Protein chains: 2
Amino acid sequence: MFSKACEYGIRASTYIASQSLRNRRVSLKEIAEEIDSPIAFTAKILQQLSRNRIVDSVKGSAGGFQIENKQIEKIKLSEIVYAIDGNEVSMGCGLGLKKCNSNKPCPVHDKFVKIRDELKMMLENTSLYEMTEGLEVGLTYLKR
Amino acid sequence: MFSKACEYGIRASTYIASQSLRNRRVSLKEIAEEIDSPIAFTAKILQQLSRNRIVDSVKGSAGGFQIENKQIEKIKLSEIVYAIDGNEVSMGCGLGLKKCNSNKPCPVHDKFVKIRDELKMMLENTSLYEMTEGLEVGLTYLKR
DNA sequence: ATTAAATAGGACAAAATTGTCCGATATAAA
DNA sequence: TTTATATCGGACAATTTTGTCCTATTTAAT
Ligand code: FES
Ligand code: FES
């Protein structure tokens with residue numbers, strides 16, 4: 001479904017958001033530990049998210065990553081996915097034709113688009129805030 | 001969503017089915033042309049499908065690939081996908097945790113499982129026969 | 001029997017994705 | 001101003017996926 005990079009990106013963003021809500025800026029090292037991801041690879045992904053203004057990065061001593069609290073409910077899961085994987089997942093043809101096109105549909109177009117559109121809606125309607133809600137109370141997990 | 005191999009596999013199976021319904025056995029070369037796929041790579045994928053008894057292969061002169069007409073409505077899209085990509089798409093965690101587990105869910109578990117399960121049902125309920133229906137009459141396409 | 005045409009399968013190659021390492025740069029604190 | 005601690009970014013390495021090539025094997029037709 002999503003690339004590894006994207007999965008790490010979502011988990012990292014969620015962790016950063018959860019800590020930002022407590023006014024904690026977090027380091028790459030801490031993030032990678034908390035989401036159980038390879039540290040240097042995670043750094044690359046965070047750079048991408050930073051360039052896409054999904055997370056804020058602060059260099060230097062006492063630096064790290066954070067997300068403005070005001071943004072946490074505004075940022076949608078879709079923005080993270082699109083920033084890393086592009087929008088193939090919500091636009092592409094299920095059978096890999098160059099473009100999904102209802103005028104020249106592939107044999108699964110109708111059924112596939114139905115599900116793809118639901119996924120698209122889910123991604124676009126799920127905020128980072130929602131994703132942090134279960135974390136603090138131990139209802140949801142970013143690693144196991 | 002699906003790997004390239006899986007996309008080619010679905011398109012190839014659909015084409016073979018459509019020709020089998022007219023009692024035509026088709027060659028690798030013809031398949032690759034009709035679905036616009038790399039021929040040698042397609043050969044590998046057809047081997048996999050053949051080993052998984054999704055398509056029948058006949059070696060030698062006048063050989064090729066076919067699917068028993070009786071099987072065409074029985075074979076489901078899911079069987080092709082599982083044979084090539086495994087069942088990660090209908091079982092895996094959206095955020096890449098080792099296993100999806102509702103007792104220790106990731107932050108998107110509920111919303112993700114809803115969509116994943118619909119996809120699973122779609123795959124398991126769509127027969128190869130259905131996928132061939134639009135092809136003959138030019139309503140659907142396997143290449144563009 | 002020989003030949004031609006087809007798939008099977010192993011070895012290899014290219015490309016994409018995933019992952020690592022290290023020096024440059026920025027910042028806070030001593 | 002120096003030092004310690006961060007991220008940034010480029011180069012590189014490993015792994016997986018995608019794709020190619022060539023020989024062996026099978027089969028039908030001559
Ligand atoms: S054309 Fe294949 S999903 Fe639309
Ligand atoms: S635990 Fe992530 S989808 Fe179920």
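Everything numeric in this text was worked out from a predicted model, so none of it was measured. Proteins get letters first, then strands, A, B, ... in listed order; numbering begins at 1 in each.
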>> Protein within reach of the bases, or only the backbone? For nucleotides 19-30 of chain C, mark each nucleotide 5' to 3' as B, S or -, using heavy atoms under 4.0 Å.
In response: BB----BBBS--
> Backbone N or O of B:E130 within a donor-acceptor pair of the B:S127 side chain at under 3.5 Å?
Replying inline: yes
> Given atom CG of A:L28 and atom C1' of D:dG9, what is their separation to the nearest angstrom?
Replying inline: 14 Å
> Is a side-chain donor or acceptor of A:S3 paired with a backbone partner of A:C6 at a separation under 3.5 angstrom?
Replying inline: yes
> Under 4.0 Å: is that the gap between some side-chain N or O of A:S57 and OP1 or OP2 of D:dA6?
Replying inline: no
>> Check whether A:R11 reaches the backbone of A:I35 with its side chain - one donor and one acceptor, N or O, closer than 3.5 Å.
In response: yes
> Is a side-chain N or O of A:D85 found less than 3.5 angstrom from the main chain of A:V81, in a donor-acceptor match?
Replying inline: no
> Rounded to the nearest Å, what distance is computed from the CZ atom of residue B:R25 to the C1' atom of nucleotide D:dA28?
Replying inline: 11 Å
>> Heavy atoms only, 4.0 Å cut-off, all strands: where does B:R51 land among base, sugar-phosphate and nothing?
In response: sugar-phosphate
> Tell me: CD1 of B:I45 to P of D:dT17, nearest whole Å?
Replying inline: 13 Å
> Can you list every side chain to side chain donor-acceptor pair (under 3.5 Å) pair that touches residues 131-144 of chain B, not counting sequence neighbours?
Replying inline: B:R22-B:E136
>> I need the CD-C1' distance between A:E30 and D:dT7, as an integer number of Å.
In response: 15 Å
> Quick one: B:D56 CG to D:dT26 C1', roughly how many Å, whole number?
Replying inline: 16 Å
> Taking CZ from B:F65 and P from D:dT26, how many angstroms apart are they, rounded to a whole number?
Replying inline: 16 Å
> When the distance from CZ of A:F2 to P of C:dT18 is rounded to whole Å, what number comes out?
Replying inline: 13 Å
> B:I31 CD1 to C:dT7 C1': how many Å, rounded?
Replying inline: 11 Å
Contacts table for residues 70-80 of chain B: side-chain donor-acceptor under 3.5 angstrom, sequence neighbours left out:
from: B:K76; atom 1: NZ; to: B:K74; atom 2: O; distance (Å): 3.3
from: B:E79; atom 1: OE2; to: B:K76; atom 2: N; distance (Å): 3.0

